[in-house]
Asks: 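Below are the structure tokens for one structure; questions will follow.
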Amino acid sequence: MREKPEVLQNFIALEGLDGSGTTTQLNMLKKWFADNDKALYSTCEPTPMPSGKLIRQILLKEIKAEPETLARLFSADRYEHLHNPDSGILKMLECGSTVLTDRYLFSSLAYQSLGCDFELVHELNPYPIPEYTIFLDLPAEVCSQRMHKRDKIELFDALSIQNRIIENYNRAFSLYENTGMKLLRIDGTKKPEEICSEIITAISR
């Protein structure tokens with residue numbers, strides 16, 4: 001049985017279905033940190049690094065890859081995200097910044113286990129976990145409607161797949177209970193300003 005993962009203090013991850021509003025919240029929180037003179041490093045997965053760019057090509061269906069290949073690429077991209085000596089999560093935390101990421105480990109468990117065994121994806125991601133994981137809880141039907149307003153439909157955007165992703169998220173969160181990570185579920189149907197205020201209240205305690 002795997003040991004409890006390390007919990008990285010001052011590390012916050014935003015999670016949710018595609019279309020749930022994680023990127024909107026990232027941008028609103030960036031503004032709040034700047035307005036309050038608090039050091040913040042904002043980032044995302046897939047990363048802008050070569051490994052992340054390759055993943056984005058697969059997600060946009062520009063190139064094809066087997067599900068296990070994609071799961072392994074996400075794990076490799078996450079390792080680089082953590083350990084890059086110039087802009088990695090660990091480096092930025094050491095410098096005293098709060099780190100805020102749009103997606104992290106739980107996205108892999110929720111999405112990559114659609115095509116791979118859940119336990120395989122878990123084993124591929126033996127990484128530290130955030131102090132706060134914020135899950136924007138929104139019905140799959142609402143997210144699907146939002147996604148179809150975009151120019152490009154990605155690999156995992158179908159409604160039937162979105163419902164399975166919610167199930168995988170719940171399985172993943174139960175796996176990390178009692179680890180010290182604070183999981184905050186927020187009603188994603190609320191106004192973005194209300195959601196942001198709820199997040200700020202939680203992380204400011």
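Starting from 1, each residue takes its place in the sequence as its number. Computation of the quantities below employed the complete heavy-atom set of this structure, encompassing side-chain atoms and omitting hydrogens, waters and symmetry-equivalent molecules.
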Asks: L109 and L183: same hydrophobic cluster, using ILVMFWY side-chain contacts below 4.5 Å?
Replies: yes

Asks: N84 side chain to D86 main-chain N or O, any donor-acceptor pair under 3.5 Å?
Replies: yes

Asks: Is there a donor-acceptor contact under 3.5 Å from the side chain of R78 to the main chain of P46?
Replies: no

Asks: Supply the atom-to-atom distance E119 CD to E123 CD, rounded to the nearest 0.5 angstrom.
Replies: 7.0 Å

Asks: Are the aromatic ring centres of F106 and Y169 under 6.0 angstrom apart?
Replies: no

Asks: Using the test side-chain contact (heavy atoms from CB on, under 4.5 Å), find all partners of A13 that sit at least two apart in sequence or belong to another chain.
Replies: T101, Y104, P130, T133

Asks: For the CD atom of Q9 and the CD atom of E6, what is their distance to the nearest 0.5 Å?
Replies: 9.0 Å

Asks: Search all heavy atoms of C196 against all heavy atoms of L29 and return the closest pair with its distance.
Replies: SG-CD2, 3.9 Å

Asks: Rounded to the nearest 0.5 Å, how far does CD of Q112 lie from OG of S75?
Replies: 10.0 Å

Asks: When you measure from the side chain of D77 to the backbone N and O of S51, does any donor-acceptor pair fall under 3.5 Å?
Replies: no

Asks: Quick check: does any side chain N or O of E15 sit under 3.5 Å from a backbone N or O of F135, one acting as donor and the other as acceptor?
Replies: no

Asks: Could you report the tightest heavy-atom contact between P5 and I129, atom names first, then the distance?
Replies: CG-CD1, 3.7 Å

Asks: Between I195 and L136, what is the shortest heavy-atom contact and its length?
Replies: CG2-CD2, 3.8 Å

Asks: Run the numbers on L8 and L82 for side-chain contact (heavy atoms from CB on, under 4.5 Å), then give the verdict.
Replies: CA-CA 11 Å; L8 298 177; L82 282 162; 4.2 Å; yes

Asks: Kindly say whether A110 contributes a backbone atom to a donor-acceptor pair with the side chain of N168 at under 3.5 angstrom?
Replies: yes

Asks: Give the intermediate values and the outcome of side-chain contact (heavy atoms from CB on, under 4.5 Å) for residues L59 and Y111.
Replies: CA-CA 11 Å; L59 294 178; Y111 283 80; over 6 Å; no

Asks: Under the side-chain contact (heavy atoms from CB on, under 4.5 Å) rule, collect the residues that match up with K38, sequence neighbours excluded.
Replies: W32, F33, N36

Asks: Using distance only, find each side-chain donor-acceptor pair of residues 198-205 under 3.5 Å and give its atom names and separation, not counting sequence neighbours.
Replies:
unit_1: E198; atom_1: OE1; unit_2: K190; atom_2: NZ; d: 2.8
unit_1: T201; atom_1: OG1; unit_2: S197; atom_2: O; d: 2.9
unit_1: S204; atom_1: OG; unit_2: I200; atom_2: O; d: 2.6

Asks: Can you tell if the side chain of P50 reaches within under 4.5 Å of the side chain of E80, non-hydrogen atoms only?
Replies: no

Asks: Is it the case that one hydrophobic cluster holds both L184 and V7, taking links as side-chain heavy atoms less than 4.5 Å apart, direct or via other members?
Replies: no

Asks: Nearest 0.5 Å, please: how far is CG in L14 from CG in L100?
Replies: 5.0 Å

Asks: Would a hydrophobic clustering, with Ile, Leu, Val, Met, Phe, Trp and Tyr connected at side-chain separations under 4.5 Å, put I161 with I166?
Replies: yes

Asks: So if you build clusters from Ile, Leu, Val, Met, Phe, Trp, Tyr with side-chain heavy-atom gaps below 4.5 Å, do Y41 and Y79 land together?
Replies: yes

Asks: So N170 and E167, side-chain contact (heavy atoms from CB on, under 4.5 Å) or not? Walk me through it.
Replies: CA-CA 5 Å; N170 288 329; E167 294 175 3; 5.7 Å; no

Asks: In the structure I gave you, are the side-chain heavy atoms of E62 and R56 within less than 4.5 Å of one another anywhere?
Replies: no

Asks: Kindly give the cluster partners of L120, where membership spreads through any ILVMFWY side chain lying under 4.5 Å from a current member.
Replies: L124

Asks: Can you confirm whether Y127 is buried at OH, in the sense that more than 12 heavy atoms of other residues, nucleotides or ligands lie under 6.0 Å from that atom?
Replies: yes

Asks: Pair up each side-chain donor or acceptor in residues 64-71 with any protein partner under 3.5 Å, not counting sequence neighbours, and list the distances.
Replies:
unit_1: E68; atom_1: OE2; unit_2: R72; atom_2: NE; d: 3.1
unit_1: E68; atom_1: OE2; unit_2: R72; atom_2: NH2; d: 2.9

Asks: Check L26, T23, D18 against R103 for a side-chain contact (heavy atoms from CB on, under 4.5 Å) and give me the one that passes.
Replies: D18

Asks: Does I134 reach the side chain of I186, with side-chain heavy atoms less than 4.5 Å apart?
Replies: yes

Asks: Could you give me the CA-CA distance, side-chain angles and deciding distance for L114 and R164, then say whether side-chain contact (heavy atoms from CB on, under 4.5 Å) is met?
Replies: CA-CA 8 Å; L114 292 170; R164 289 173 58 199; 3.7 Å; yes

Asks: Do S107 and F74 make a side-chain contact, defined as non-hydrogen atoms from C-beta onward lying under 4.5 Å apart?
Replies: no

Asks: Which atoms form the tightest heavy-atom contact between T189 and D187, and what is the distance?
Replies: OG1-OD1, 2.6 Å

Asks: Report the distance from atom CG of N27 to atom OG1 of T22, rounding to the nearest 0.5 Å.
Replies: 9.5 Å

Asks: Does L105 belong to the same Ile/Leu/Val/Met/Phe/Trp/Tyr cluster as L90, with side-chain heavy atoms less than 4.5 Å apart forming each link?
Replies: yes

Asks: Nearest heavy-atom pair of H81 and T43: which atoms, and what distance?
Replies: NE2-OG1, 2.7 Å

Asks: What are the two closest non-hydrogen atoms of T24 and P192, and how far apart are they?
Replies: CG2-CB, 4.2 Å

Asks: Could you list the residues that satisfy salt bridge (Lys or Arg N to Asp or Glu O under 4.0 Å) with D137, not counting sequence neighbours?
Replies: R185

Asks: So, do L54 and I63 sit near enough that their side-chain heavy atoms are less than 4.5 Å apart?
Replies: yes

Asks: Is there a donor-acceptor pair closer than 3.5 Å between any side-chain N or O of E131 and the backbone N or O of K182?
Replies: no

Asks: Nearest 0.5 Å, what's the CG-OH distance between N10 and Y132?
Replies: 9.0 Å

